[in-house]
Every structure is written in structure tokens, then in C-alpha cells.
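Reminder, nothing fancy here: chain letters follow the sequence lines and each chain counts from 1. Computed over heavy atoms, backbone and side chain alike; hydrogens, waters and symmetry mates excluded.
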Amino acid sequence: MRIGYACIALGTKHSTNRRLLLKHFSEEKFIDTLALNLKDLIEILKYNVKNNVRLFRISSDIVPFGSHDINDVPWAKIFQQELNEIGQYIKANDLRVSMHPGQYTVLNSPKEDVVINAIRDVEYHTAFLDALEVDYTSKIVLHIGGVYGNKKEAMENFIRNFHRLSASAKKRLIIENDERSFNIQEVLSVSNAIHIPVVFDILHHQCNPSMSEEVLEILKEVNATWSSLDGAMKLHYSDAAAGKKLGAHSDFVITNNFKEFYEDVAVYRPDIMLEVKDKDLSALKCIHVMEGTDKKILQQQWAKYKYVVMEKSYRHYKECSSIIRTEKGPLAFYSRIDEALSLPEDQGSYGNTLEHAWSYFKHKATLKEKSSFFNFKKSGDLIKAKKFLRRLAKKYKEEYLLNSYYFLNL
DNA sequence: CACCGTCAAGTCGCA
DNA sequence: TGCGACTTGACGGTG
């Protein structure tokens, strides 16, 4: 069972999502951008390995305009060596990677040009994974698409257009239930027609359930769509975002909910992709709770989280400190952090934490910087004060603050 | 450096 | 028939 996250690593500065605008596209700019993205992909994979994260979704943005008309650059050839190294690293470290074209890639559209673009896009994702030379456990996730007033026809269109894909794409494609249109039973029936695996998204299922079936019954059927060549069944996990539209992904995984889910599904030994805003932070949390970790790692995590927690509640800050000191373990630690993160903004705590963070600079900041900071703070623009602290942290290279999660919510 | 409009895609509901 | 909402991080122009 692997636990992973999608596309963006908040715990490192590396990013595979550099882009260029369509109107600025040139071969040179494209190659420069892709070179940087690939360089950072391997850095993110190394970061993952260091943190025991062995499941990762590679961003579709890795190759800018990877499936666009404008792009006829033979990138797989040009970057053959880099791609090969990345693939070697994935295999050597027993990682599993996947990709997930966006909501605009619609294979079942009644419009032929939309279908052509969708096929082209799936083939781009396939070309990328093929270039890594990773095996067919590395998948490409797609939703069924639109309904167009006739669900049965829409599903038939998906099936028909699936057969237009290349052999490799057919072996990589998997389909997922969505939060609005196609529930898990409908996805399973499409899967039954074309014999490709199904990825079950628990949050989408809660928004768009199929009738009268227990989740564990569904999982049994879903699991049966995965052959040994496909690897372990993949599941998508998110908690519902509180106070937002139904189906919106939560900011972070609620540890206790995840633990219950994990233990329920563990009988199938699936890989679980977290789809939450805080990405790798939640992945590390879940891995620490479910796979265990040592106290040194937890202390490091606490160092990163402490000002985030203090910003919400000084009481939680003290409680977390105590949990770490008395070594009560990852679950006690992270569930208290979840509790703090769930609290509403509190001006008093926010301001108090600004003071704590300011203490890193009080002996080295200039008088002008000091007056700027306290003016922002006095005027009540606490966010501006915090952004100013981030600037100081960069200027004075305060690694402790820079490496913490404190500035992530700006 | 902060700020904010723009980009890129397809579907669907509504006028 | 056409338009806005939906989505989302990053780009790029402005001050």
C-alpha cells in the first residue's frame, strides 16, 4: 500500500509546472522550460523517496503544450537521456507514478474535434510515461466525460473512442467515477465493456453515489478490474471541504477519517492517492500515522508546523509541544494539528505569532524594517505584516522559517 | 516585490 | 446562439 499526492510538492521549492503562454511559444522557450521541469521532477522524486512517499502523480503541465497543435518539437528524443534517468530512478526506488489529464480532455464528446484533441492528449500522456520506460502499473486517469442528455449514448461514445487509442494508451488508461455525471456503477459498466481498471474516488462517490451498495462491496468489484500487470488497485481519497461546494477537495486530510478509511480498505492492499490542497503535507502525515515513523522525524515535522498551529491557537501549540515532548506518537500529534487547522482565523493568535516570527529579525532588521513591520501590524493589515516577514526571511536567509510551513497560506 | 488580470481547456445551465 | 460559471497555478504587465 502506497500513499501519494498529486503534482505539486509544497515541501520543496522544486516545481514541474512552469509554463509558457501560447502566444509566446517558440522551440527555444519550450526546450528551456521543459529542461527545468524535468530537472525538478527528479528532485521532487528524490524528495519523495527521502520522505517515504512512493506514489506520485506527474503534472500534465510537465511538457508545456504537450498535446497542442503548435508543438511539433520531438521532445522525447531531445530529452531521451533525462527521461531515461527519471525512469531508472522510479524503477530503482520502487516508485509508482501516474498522470491525470484535466477536465477538458473529453474522450466521449459528440464533437469530433474535441475527441481528436482528447485522443491526442491521452497519447501525449502515454508518450511521456512510455519515454520513462515505466511499466504498465503507471496509469493515466480519465473521467468518462459529458452526458449530453443521453448517458447510455455518452458511455457508448467513450467505449467507441477508446478503441481509437494506441495499444500503449489502452494499457495505461484507467477510468474514475466523478462527482456529477458518472457514478461508480456506470464507470464499472464501461470498464466491463473495454476491460480497463477503475479507480474509485471516495469523495466523488459520496457526492454521486450509485444505488444501494456498501463501499466494501463496490471495492470488491473495482478490485477485480485490476490485473497483475496493472498493479495494485488505486483509490482517490479526499475529505469534503467544509463550507464549500459539494465535491470540493478539502484543504488537508483529516487524519482520523483517513485512518478509518485506510483500515477499511486495507484488505485489498490498494495504493491511495490523496487529492487535497496541502498535497505532500497530508501525504507525509498519513504515511507517518499509517506506516509509523520515528520521533526525530516527528520533531522535524513539528518544527515546520509550529507557527501554523500557533497562528490558529496558542493552546493547541502548547498541546502539540507536549505531545511531541512526551512522545505520544504520530496519531495524537497529527489529530491535534488537524484540530488547530480546522479553527477559524483568530486575529489575536495571528498577531501573537507575527511577534514570535519577528523575534528572528529583531537584532538584525534595520530601523526602517522594524517600523515597517510594526506599522503594518498596528494598522491591522496582518497579512501584509506576514508578507513583510517572508521578505525578511528571504533577505536574512532565516532557514528555519523558510523551511517551515508558516508562509504557505500566503 | 505586491497585486491582479489573463490564460488554457470543454460542459452545462440559463437567457 | 451565446455567455458566464466552473477550475487553478502560473504568467506577465503595472505600480
At a cut-off of 3.5 Å, list every protein nitrogen or oxygen paired with a nitrogen or oxygen from nucleotides 10-14 of chain B, distance to 0.1 Å.
{"from": "B:dT11", "atom 1": "OP1", "to": "A:Ser109", "atom 2": "OG", "distance (Å)": "3.1"}
{"from": "B:dT11", "atom 1": "OP1", "to": "A:Tyr148", "atom 2": "OH", "distance (Å)": "2.3"}
{"from": "B:dT11", "atom 1": "OP2", "to": "A:Lys111", "atom 2": "NZ", "distance (Å)": "3.4"}
{"from": "B:dC12", "atom 1": "OP1", "to": "A:Val147", "atom 2": "N", "distance (Å)": "2.8"}

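- Aromatic ring centres of A:His236 and A:His249: separated by at least 6.0 Å.
- Atom NE2 of A:His143 is separated from atom P of C:dC6 by 18 Å (rounded to the nearest Å).
- Here the side chains of A:His316 and A:Leu343 are in contact, with some heavy-atom distance below 4.5 Å.
- Ring pair A:Phe200/A:His205: centre-to-centre distance below 6.0 Å.
- At whole-Å resolution of the value, CG in A:Asp251 and C1' in C:dT8 are 14 Å apart.
- Comparing the P positions of B:dC7 and C:dC3 gives a spacing of 16 Å, expressed to the nearest Å.
- Figure legend: A:Lys279 and A:Tyr5 shown without cation-pi pairing, the cationic atom not lying both under 6.0 angstrom from the six-membered ring centre and within 45 degrees of its axis.
- A:Gln103 is linked by a side chain to side chain contact (heavy atoms under 4.5 Å, CB included) to nothing, counting only residues two or more places apart in sequence or in another chain.
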So what is the 5' to 3' dot-bracket string for DNA chain B, if pairs are Watson-Crick or G-U wobble with both distances under 3.5 Å, crossing pairs use [ ] and | means the partner sits on another strand?
||||||||.||||||

Contact list (N/O, under 3.5 angstrom) for nucleotides 1-3 of chain B vs protein:
{"from": "B:dC3", "atom 1": "OP2", "to": "A:Lys387", "atom 2": "NZ", "distance (Å)": "2.4"}

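- Partner A:Tyr237 forms a ring-ring contact (aromatic ring centres under 6.0 Å, His included) with one of A:Tyr262, A:Phe252, A:Phe261 and no other, that one being A:Phe261.
- Atom CG of A:Leu410 is surrounded by more than 12 heavy atoms from other residues, nucleotides or ligands within 6.0 Å.
- The side chain to side chain contact (heavy atoms under 4.5 Å, CB included) check on A:Lys220 picks up A:Tyr268, with sequence neighbours excluded.
- Annotation: cation-pi pair A:Lys306/A:Tyr317 absent, no NZ/CZ under 6.0 Å from the ring centroid and within 45° of its normal.
- Spacing between B:dG5 and C:dG4 at atom P, rounded to whole Å, works out to 16 Å.
- In this structure, NE2 of A:His100 is placed 19 Å from P of B:dA9, rounded to the nearest angstrom.
- Remark: A:Lys285 fails to qualify as a cation-pi partner of A:Tyr305 under the 6.0 Å distance and 45° angle criteria applied to the six-membered ring.
- Applying a 4.0 Å cut-off to non-hydrogen atoms, the residues of residues 3-25 of chain A that approach DNA chain B are A:Leu21, A:Leu22, listed by residue number.
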